[in-house]
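Predicted model, so just to flag it, every value in this text is computed and none were measured. In listed order, ligands and their atoms are each counted from 1.
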Amino acid sequence: MGKSENRKHVQRRNALADKLEERGIEDQNVLAAIRAIPRHEFVDTALENRAYEDTALPIGAGQTISQPYTVAAQTELLNVKKGEKILEIGTGSGYQAAILCHMGADVYSVERHEKLYHNAKKILSDLGFRPNLKLGDGTLGWSAYAPYDGIVVTAGAPVVPADLVEQLNIGGRLIVPVGSQASQVMVRIIRVSENEYDEERLQNFKFVPLIGEKGWD
Ligand code: SAM
């Protein structure tokens, strides 16, 4: 099992969810998931005290667990409904996957770093979550289980990866940060029919790079 859960953790999670709501997160299912998932389980013990700050934190291999506001904003944009099949690219710590599992999604997640893949698998399993995890290059999606109702990319891409667009269901949403390695704009693509897509460019964010065949070198 992971670290212990105490009243202080619950209070800090509630305070964090209140703060995210003040910052503009409206989806009550997303806020409920933030209140429920023990983010301190997904970071090193030395960083446990900072787990409920609205900030990204290191998780090893030069990677980060995303800032809670970013997780909440991406999840809200995904517009997740119970039972939907959701693909995440960049499992990282496993925190975003846990949020999606808590919301009742059927979760698939791909990570390219072996150590992070194994760590996330263990933490998620200890917490009772069983998403489908894969070690590999997520810029190619996960075609074996396509199409998806939603795809969320948690690393910054140089361009929208075409394979991910192709793996969307009709009505499916792709949320992907696109830009330079210094800053990206959040792009939401909705597949409205077999050959038609709506694309919106939203807020700016800063993610670690999406590295792979259809990403950065
Ligand atoms: N969603 C994660 C969480 O909840 O902790 C945050 C992930 S971190 C900001 C981005 C992750 O994307 C890193 O773990 C990185 O190794 C991973 N990544 C980068 N390029 C990737 C690729 N092509 N395929 C899969 N994972 C990738």
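Heavy-atom contacts of Thr139 reach the following atoms of ligand 1: 23 (N) (cutoff under 4.0 Å). In the vicinity of Gly138, heavy-atom distances shorter than 4.0 Å reach the ligand 1 atoms 22 (C), 23 (N), 24 (N), 25 (C). Every atom of ligand 1 with a heavy atom of Ser93 under 4.0 Å away is listed here by number and element: 3 (C), 4 (O), 5 (O). Numbered from 1 in the order shown, with element, the atoms of ligand 1 that lie under 4.0 Å from a heavy atom of Val110 read 25 (C), 26 (N). Per-residue contacts place Thr64 under 4.0 angstrom from the following atoms of ligand 1 (heavy atoms of the residue considered): 6 (C), 7 (C), 8 (S), 9 (C). In summary, the atoms of ligand 1 found under 4.0 Å from a heavy atom of Gly136, numbered by their order in the structure, are 24 (N), 25 (C). Ligand 1 places these atoms under 4.0 Å from at least one heavy atom of Tyr95: 4 (O). Close approach of ligand 1 to Leu116 (heavy-atom distance below 4.0 Å) involves ligand atoms 14 (O).
Using modelled atom types, one side-chain atom of Asp137 and one backbone atom of Glu213 make a donor-acceptor pair closer than 3.5 Å. Although no hydrogens or angles enter the test, the distance criterion places a donor-acceptor pair under 3.5 Å between the side chain of Glu76 and the main chain of Glu26. Trp216 contributes a side-chain N or O that, together with a main-chain N or O of Gly156, makes up a donor-acceptor pair within less than 3.5 Å. Of the possible donor and acceptor atoms, one in the side chain of Lys81 sits under 3.5 Å from a partner among the backbone N and O of Asn79.
Contact annotation: Pro209 has at least one heavy atom less than 4.0 Å from an atom of ligand 1. The closest approach between Ser66 and ligand 1 falls below 4.0 Å for a heavy atom of the residue. Within the structure, the closest approach of Ile59 to ligand 1 does not fall below 4.0 Å when heavy atoms are considered.
One finds a salt bridge joining Lys214 and Asp163 here, because a Lys/Arg side-chain nitrogen approaches an Asp/Glu carboxylate oxygen to under 4.0 Å.
Nearest protein heavy-atom contact of atom 10 (C) of ligand 1 is Thr154 O, 3.3 Å. Looking at atom 12 (O) of ligand 1, its nearest protein heavy atom turns out to be Gly90 CA, 3.2 Å. The protein atom (non-hydrogen) at minimum distance from atom 20 (N) of ligand 1 is Ile211 N, 3.0 Å. Ranking protein heavy atoms by distance to atom 4 (O) of ligand 1, first place goes to Gln96 N, 3.0 Å. Protein heavy atom in closest approach to atom 15 (C) of ligand 1: Gln63 OE1, 3.3 Å.
Linking ILVMFWY side-chain heavy atoms closer than 4.5 Å, directly or via other members, places Val153 and Leu116 in two distinct hydrophobic clusters.
Around CG of Asn6, the count of heavy atoms belonging to other residues, nucleotides or ligands within 6.0 Å exceeds 12. Lys85 NZ: more than 12 foreign heavy atoms inside a 6.0 Å radius.
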Apply the test side-chain hydrogen bond (donor to acceptor under 3.5 Å, both in side chains) to residues Gln167 and Ser143: give CA-CA distance (whole Å), side-chain angles for both, the deciding distance (0.1 Å), then the verdict. CA-CA 7 Å; Gln167 290 176 28; Ser143 60; 4.9 Å; no
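Looking at Thr91, Thr154, Asn132 one by one, the single match for side-chain hydrogen bond (donor to acceptor under 3.5 Å, both in side chains) with Ser109 turns out to be Thr91.
With 3.5 Å as the limit, one finds no donor-acceptor pair spanning the side chains of His9 and Tyr52.
Heavy atoms of Leu210 found under 4.0 angstrom from ligand 1 belong to the backbone as well as the side chain.
Between Arg112, Gln67, Glu88, Glu111, it is Glu111 that holds the heavy atom closest to atom 14 (O) of ligand 1.
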